[in-house]
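Written below as structure tokens is the structure these notes are about.
Numbers here simply count residues along the sequence, with the first being 1. Just so it is clear, the structure is predicted and the values come from calculations on it, not from any experiment.
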Amino acid sequence: MHVDKLAYIKKRSNELLPELITMRRYFHSNPELSFQEINTASYIAEILTQNKIPFTGGWAGHGIVAIIEGHNANQNCIALRADMDALPITETSQISYASTNNGVMHACGHDVHMTSLIGAARILNEMKDLFSGTIKLIFQPGEEKLPGGASIMIQEGVLQHPQPSCIIAQHVYPSLEAGKIGIRPSLYMASADEIYLTITGKGGHAAMPHECKDAILATAHVLTALQQIVSRLCPPSIPAVLSFGKIYSEGGATNVLPDRVCVEGTFRTMDETFREKAHQEISQCAKQAAMAFGTICDVQISKGYPCLVNDENLTFQIKSDLIQFLGEDNVVDLPIRMTSEDFSYFTQQIPGCFYRLGTANHEKGINAPVHTSNFDIDEKALETGAGLMAWLAINRLNENSHL
């Protein structure tokens, strides 16, 4: 019997929307920080069990990997991924499903990602007699915290037995209206490294600086000097950002110069060669600037996520699928962005595509950026998110055996 797969998926994602909203609100009300997603994992496991979808748990701590097999399960495998963790942000919105975990919030939309993947899983499980191959569903912990759950799951063998020919993920995008999708082939997101500086001098009375080695003053010059890394050493063709978001002293007062000042920041770029060179330059520049004031600068660079590169061939195919599902007017080409994602670890191993799910509703005032205390979505986006992941998985199963 012939089944119009596109019509079926659209119908089922619409019918499931009330359940998806309930699910997403549970996740939103009960957020858990990176690598602490115990209750989140239990909730996902319960839903998968109810729908008789086989899975294994304990990946990278609390991750879950589910498998849906169609006909000829060994013919090909497609992976779909959603991240699980929340951020250390206190929610300020007055919605009925606001976070009940004080100081923790799904401010980056991972509640949406999990809900969409569960919705897709339910649809795909209903359709397993209508496709050939295997769909691997990856619920990944710890996206927001180094070393990133993706890297750990890869080390644990998540891309084996069976090995996917490609992997697909989506991320909320409050700059786009719900019902729209953004996508970009090739280089899309930046690498991200954490910079930790400790400037040590000699503290003392602020009225007698000649008897001290002023770590505060040295720090000011270190930060100023470091701006040359991007403004003078980085070629204009390479996007790069060096920013410092936290500075504090150990001791110190209005009339006391501290012994030590600590600074924390981030370095991001879209060129791995320049990334390595910049690490060396940051260390050398900071140490030399501090030395000029008789202080010592210890530099620690924690290497984070690599650049995210969407496979061009796969992304071209997926864009065509998106247009089929949503219409050409609802598929938007995106610019590069300097944010980062540990999905990039997956794209280093196999062809991958990371696209953006529109979640805004400007008429209702739903457009707060991610990582803010009042972030929310137009929940109609859950229908799009779930339906699209199911549609992309089925469409790519046969095609990506040639990637």
Side-chain angles (χ1 to χ4, degrees), residues 1-17 19-20 47-48 51-55 65-82 112-139 158-159 162-171 179 181 183 310-311 313-328 330-331 343 346 350-357 381-403:
M1 182 180 68
H2 174 74
V3 175
D4 185 333
K5 297 183 181 68
L6 177 59
Y8 182 85
I9 291 172
K10 285 188 171 184
K11 174 176 177 290
R12 288 298 291 134
S13 58
N14 177 261
E15 291 171 347
L16 286 172
L17 182 57
E19 293 180 56
L20 297 178
I47 295 172
L48 294 174
N51 287 275
K52 299 180 179 179
I53 299 174
F55 66 90
V65 177
I67 295 290
I68 299 175
E69 294 182 340
H71 297 295
N72 304 316
N74 295 328
Q75 176 177 303
N76 192 14
C77 176
I78 298 294
L80 303 176
R81 174 267 202 174
V112 177
H113 307 165
M114 291 183 285
T115 302
S116 295
L117 186 54
I118 292 171
R122 290 190 56 180
I123 295 169
L124 291 166
N125 197 45
E126 296 168 2
M127 300 178 71
K128 60 187 177 183
D129 292 335
L130 302 177
F131 63 82
S132 295
T134 297
I135 298 167
K136 181 177 282 190
L137 311 166
I138 300 173
F139 295 89
V158 74
L159 297 181
Q163 178 179 348
S165 61
C166 72
I167 186 166
I168 302 166
Q170 63 183 3
H171 196 291
I181 292 292
I183 193 167
N310 281 330
D311 182 84
N313 187 26
L314 175 63
T315 304
F316 175 79
Q317 294 172 352
I318 285 180
K319 184 176 180 180
S320 177
D321 296 338
L322 296 174
I323 290 172
Q324 282 184 280
F325 195 88
L326 295 171
E328 192 165 3
N330 292 317
V331 180
F343 184 75
F346 290 119
I350 59 175
C353 180
F354 187 81
Y355 65 89
R356 314 296 290 209
L357 175 70
L382 297 169
E383 178 181 340
T384 305
L388 266 184
M389 295 205 91
W391 173 244
L392 294 176
I394 285 180
N395 269 13
R396 293 304 103 219
L397 268 177
N398 292 328
E399 296 290 339
N400 286 314
S401 59
H402 305 299
L403 279 175

Main-chain N/O of [Y] paired to [X] side chain as donor or acceptor, under 3.5 Å:
| X | Y | answer |
| --- | --- | --- |
| Asn125 | Asn51 | yes |
| Ser13 | Lys10 | yes |
| Asn310 | Phe354 | yes |
| Thr134 | Cys77 | no |
| His71 | Asp129 | yes |

Can a donor-acceptor pair be found between the side chains of Arg356 and Gln170 at a distance below 3.5 Å?
->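 No, no side-chain donor-acceptor pair sits under 3.5 Å.
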Hey, are Asn395 and Asp321 close enough side-chain-wise for a donor-acceptor pair under 3.5 Å?
-> yes
Taking side chain as C-beta onward, heavy atoms only, is [X] less than 4.5 Å from [Y]?
| X | Y | value |
| --- | --- | --- |
| Leu388 | Ile181 | yes |
| Ile67 | Pro162 | yes |
| His171 | Leu357 | no |

Sequence neighbours excluded, the answer for side chain to side chain donor-acceptor pair (under 3.5 Å) partners of Gln163 is none
Set of residues satisfying side chain to side chain donor-acceptor pair (under 3.5 Å) with respect to Glu383, sequence neighbours excluded = Asn14, Lys380
Who passes ring pair (Phe, Tyr, Trp, His ring centres under 6.0 Å) against Phe346, sequence neighbours left out?
-> Phe343
Before accepting this row, confirm whether a basic side-chain N of the pair Glu126/Arg122 lies closer than 4.0 Å to the acidic partner's carboxylate O.
-> no
Provide the closest heavy-atom pair for [X] versus [Y] in the form atom of the first, atom of the second, distance.
| X | Y | result |
| --- | --- | --- |
| Ile350 | Leu159 | CD1-CD2, 4.1 Å |
| Thr315 | Gly352 | OG1-O, 4.4 Å |
| Leu80 | Ala393 | CD1-CB, 4.0 Å |
| Met127 | Ile394 | CE-CD1, 3.5 Å |
| Gly119 | Leu16 | O-CD1, 4.1 Å |
| Ile9 | Gly387 | CG2-O, 3.3 Å |

Spacing of OG belonging to Ser132 relative to CG belonging to Leu397, to within rounding of 0.5 Å |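 Those atoms lie 8.0 Å apart.
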Quick one: CD1 on Ile168 to CG on Asp311, what's the gap to the nearest 0.5 Å?
-> 11.0 Å
Please, which pairs that meet salt bridge (charged side-chain N to carboxylate O under 4.0 Å, His left out) have at least one residue in residues 68-79, sequence neighbours excluded?
-> none
For Asp4, what residues pass the side-chain contact (heavy atoms from CB on, under 4.5 Å) criterion, not counting sequence neighbours?
-> Leu6, Ala7
Pairing residues for Ala79 by the side-chain contact (heavy atoms from CB on, under 4.5 Å) criterion, not counting sequence neighbours | Lys136, Ile138, Pro164, Ile167
Side chain to side chain contact (heavy atoms under 4.5 Å, CB included) with Ile47: of Ile53, Thr115, Ile118, only one passes, and it is Ile118
Trace of the side chain to side chain contact (heavy atoms under 4.5 Å, CB included) decision for Ser116 with Thr384 = CA-CA 8 Å; Ser116 295; Thr384 305; over 6 Å; no
Stepwise side chain to side chain contact (heavy atoms under 4.5 Å, CB included) check, Val65 with Phe55 = CA-CA 5 Å; Val65 177; Phe55 66 90; over 6 Å; no
Test side chain to side chain contact (heavy atoms under 4.5 Å, CB included) on Trp391 and Arg396 and set out the steps.
-> CA-CA 9 Å; Trp391 173 244; Arg396 293 304 103 219; over 6 Å; no
